[in-house]
Colleague: 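Mind having a look at this structure? Questions to follow.
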Number of protein chains: 2
Amino acid sequence: MPDGTNTGRPRTRIQQRNRDLILGAALDVFSLNGFRGSTLDEIATQAGLSKPNLLYYFPSKDAIHTELLSGLMDTWLDPLRDLDAHGDPIPELLAYVERKLEMSRLYPRESRLFANEIVQGAPRILSALQGDLKHLVDEKVVVIRGWMDTGQIAHVHPYHLLFSIWSLTQHYADFDVQVRAVLGQEEPFQEAPAYLKGIFLKILTP
Amino acid sequence: MPDGTNTGRPRTRIQQRNRDLILGAALDVFSLNGFRGSTLDEIATQAGLSKPNLLYYFPSKDAIHTELLSGLMDTWLDPLRDLDAHGDPIPELLAYVERKLEMSRLYPRESRLFANEIVQGAPRILSALQGDLKHLVDEKVVVIRGWMDTGQIAHVHPYHLLFSIWSLTQHYADFDVQVRAVLGQEEPFQEAPAYLKGIFLKILTP
DNA sequence: CCTTCCTTTGACCGGCTGGTCAAATACTGG
DNA sequence: CCAGTATTTGACCAGCCGGTCAAAGGAAGG
């Protein structure tokens with residue numbers, strides 16, 4: 001019956017299991033090759049299912065990708081949502097940096113999926129970027145500007161400050177190969193938290 | 001005659017022109033879709049040539065990609081090479097940041113080509129990362145450590161410092177779509193130089 | 001003008017692409 | 001155990017993929 005499965009039925013264990021298998025495999029493949037560079041055969045093999053079986057659960061390659069992206073968008077913005085306007089500004093921002101870095105460490109595939117999509121022009125999520133993302137950012141920038149105006153943190157361009165946080169934290173997931181090639185033995189995530197905390201403290205201290 | 005054209009012959013105007021056309025078109029296409037997501041037909045169309053004509057000048061899709069990457073690697077590392085051990089440390093590092101940011105502004109396609117390659121696991125340039133790149137970085141890190149030990153700049157993890165510079169500057173090329181979606185009207189490269197200069201001054205001041 | 005070499009192309013190839021379908025198989029409630 | 005439904009699959013399709021090739025078209029020197 002599945003595919004879109006818009007009928008409000010509750011989804012059986014086997015449906016749940018196979019959808020999870022497919023989405024997991026698709027995350028592996030899409031995050032490594034981008035949308036156009038990935039094939040259904042590869043996803044099917046990775047998931048341990050046959051290709052027609054994939055298409056029994058999802059109507060198309062596009063649908064799998066869209067499902068992944070839209071499911072991820074929320075999770076990805078959660079750390080920013082949790083930035084508390086009523087918290088202590090500097091610890092609050094440092095905690096945000098830490099949460100974002102933790103996302104890179106725990107969910108590198110998700111980070112790379114986004115990176116691929118955006119590097120390649122964000123054809124499928126541009127509207128989400130201009131909508132949900134921009135609105136959330138605008139809202140939080142008001143908070144940050146407030147902290148700056150009351151002298152609680154240094155005055156820097158708030159949008160570019162957020163870009164810095166995204167860029168620096170996601171770098172450890174997206175450019176993992178390069179980071180490891182340069183570091184050699186050293187584990188990237190051993191020093192990264194302290195390093196980032198240190199530099200953002202300098203950036204934010206008034 | 002072309003293809004590999006290992007014969008030492010000087011290359012005619014028409015050969016030069018068509019090779020340039022192909023490499024330019026390939027840069028457009030590869031940087032937007034990654035290697036596997038790009039097709040020879042697309043590159044040929046973009047170059048205004050027929051597909052067999054492409055393959056008259058380059059032996060394979062792979063060869064075009066490799067040519068682009070290896071040609072780019074040097075250019076990409078030039079700003080770091082120019083970091084002068086005998087210069088004034090802080091201005092020297094800020095100038096490096098500026099050069100890297102300028103690269104993102106002027107050569108976003110090249111930046112995205114690298115980003116695609118590395119995000120996707122750097123299958124074709126891993127050895128260059130572990131070789132040329134690592135050696136150059138190791139060499140410059142010695143210089144930077146020297147500056148730290150003599151108290152001329154603040155003590156921070158030198159490798160992660162370089163990652164920061166790469167990450168922050170390349171972000172404006174690689175995530176251009178997202179940056180613009182969030183900023184709305186404002187031109188990213190209007191505020192970016194001053195912003196980055198400001199934060200790196202804070203990071204580096206002892 | 002002819003010859004020679006460089007350049008361009010249309011037609012073609014086997015293999016892979018996303019996707020379909022009917023038939024076979026497993027699972028479930030009665 | 002059976003009926004009915006959910007799941008799985010082999011065979012298949014048209015179109016695209018990277019790449020080949022023989023033959024045609026151009027340029028340039030003698």
Side-chain angles (χ1 to χ4, degrees), chain A residues 1-30 32-69 120 123-124, chain B residues 1-23 25-26 28-30 32-69 120 123-124:
Chain A
M1 171 111 336
D3 231 17
T5 314
N6 3 356
T7 40
R9 240 160 299 170
R11 213 141 49 208
T12 67
R13 293 121 268 164
I14 191 162
Q15 279 169 30
Q16 195 53 253
R17 185 180 61 92
N18 281 348
R19 280 181 55 93
D20 290 351
L21 266 153
I22 292 167
L23 289 174
L27 184 53
D28 280 344
V29 175
F30 283 138
L32 210 60
N33 302 113
F35 179 75
R36 289 180 41 165
S38 304
T39 70
L40 285 178
D41 283 291
E42 215 176 336
I43 297 172
T45 302
Q46 179 79 10
L49 301 172
S50 66
K51 185 169 56 168
N53 206 175
L54 278 209
L55 293 162
Y56 173 70
Y57 289 100
F58 292 90
S60 67
K61 177 184 173 184
D62 225 287
I64 303 176
H65 193 248
T66 300
E67 174 100 357
L68 274 179
L69 277 181
Q120 300 181 6
R124 295 154 226 281
Chain B
M1 172 113 333
D3 232 15
T5 314
N6 1 358
T7 41
R9 237 159 302 168
R11 239 194 321 253
T12 67
R13 294 121 268 164
I14 191 162
Q15 278 170 32
Q16 194 55 254
R17 184 180 60 92
N18 281 349
R19 278 181 56 92
D20 290 352
L21 268 157
I22 293 167
L23 289 174
D28 280 344
V29 175
F30 283 139
L32 211 60
N33 303 111
F35 180 75
R36 287 180 42 166
S38 303
T39 71
L40 285 178
D41 283 291
E42 215 175 337
I43 296 172
T45 302
Q46 180 78 10
L49 301 172
S50 67
K51 186 169 56 168
N53 206 175
L54 277 209
L55 294 162
Y56 172 70
Y57 289 101
F58 291 91
S60 68
K61 177 184 173 183
D62 225 287
I64 304 176
H65 193 249
T66 300
E67 174 101 358
L68 275 178
L69 277 182
Q120 301 181 6
R124 293 154 228 281

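Not measured: the values here are computed from a predicted model. So you know, we letter chains A, B, ... as the sequences are listed, proteins then strands, and number each from 1.
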Colleague: What class does the angle between the rings of B:Phe35 and B:Phe30 fall in, given that below 30° is parallel, 30 to 60° is tilted and above 60° is perpendicular?
Modeller: parallel

Colleague: Could you check how far CD1 of A:Ile22 sits from P of D:dT7, rounded to whole Å?
Modeller: 11 Å

Colleague: Nearest to the side chain of B:Pro52, heavy atoms from C-beta on, is which of C:dA11, D:dA6, D:dC17?
Modeller: C:dA11

Colleague: Rounded to the Å, how far apart are A:Phe35 CZ and C:dT17 C1'?
Modeller: 12 Å

Colleague: What nucleotide among D:dT9, D:dG18, C:dG19 has an atom nearest to a side-chain atom of A:Ser60?
Modeller: C:dG19

Colleague: Which atoms form the tightest heavy-atom contact between B:Ala44 and B:Ser50, and what is the distance?
Modeller: CB-C, 4.0 Å

Colleague: Does a side-chain N or O from B:Tyr56 land closer than 4.0 Å to OP1 or OP2 of C:dT8, or not?
Modeller: no

Colleague: A:Lys51 side chain: which of D:dG19, C:dG19, C:dT8 is closest?
Modeller: C:dG19

Colleague: Grab the CG-P distance between A:Leu55 and D:dT7 for me, whole Å please.
Modeller: 15 Å

Colleague: Identify which nucleotide among D:dC17, D:dT9, C:dC6 has an atom closest to any side-chain atom of B:Asp41, counting heavy atoms from C-beta outward.
Modeller: D:dC17

Colleague: Looking at B:Ile64, B:Ile43, B:Leu40, which one forms a side chain to side chain contact (heavy atoms under 4.5 Å, CB included) with B:Phe58?
Modeller: B:Ile64

Colleague: Please tell me which of the listed nucleotides, D:dT8, D:dG18, C:dT7, lies nearest to the side chain of B:Tyr57?
Modeller: C:dT7

Colleague: Determine, for A:Glu42 against B:Arg36, whether the closest basic-nitrogen to carboxylate-oxygen distance falls under 4.0 angstrom.
Modeller: yes

Colleague: Can you measure A:Arg17 atom CZ to D:dT8 atom P for me and round it to whole angstrom units?
Modeller: 7 Å

Colleague: C:dC6, OP1 or OP2 - any side-chain N/O from B:Gln15 closer than 4.0 Å?
Modeller: no

Colleague: Nearest whole angstrom, please: distance from the C1' of C:dT7 to the CZ of B:Phe58.
Modeller: 15 Å

Colleague: B:Asn18 has a side chain; which of D:dT9, C:dT7, D:dG18 sits nearest to it?
Modeller: C:dT7

Colleague: Starting at CD of B:Glu42 and ending at P of D:dG15, how long is that distance when rounded to a whole Å?
Modeller: 19 Å

Colleague: With sugar-phosphate meaning primed atoms plus P, OP1 and OP2, does A:Ile14 contact a base, only sugar-phosphate, or nothing at under 4.0 Å between heavy atoms?
Modeller: sugar-phosphate

Colleague: Without decimals, in angstroms, what is the distance between B:Leu40 CG and C:dC16 P?
Modeller: 17 Å

Colleague: Atom CG of B:Asn53 and atom P of D:dG18: how far apart are they, to the nearest Å?
Modeller: 16 Å

Colleague: What is the distance from atom CG of A:Asn18 to atom CG of A:Asn53, rounded to the nearest 0.5 Å?
Modeller: 6.0 Å

Colleague: Looking only at the side chain of A:Thr39 (C-beta and beyond, no hydrogens), which of the listed nucleotides D:dA6, C:dC6, C:dG18 gets closest?
Modeller: C:dG18

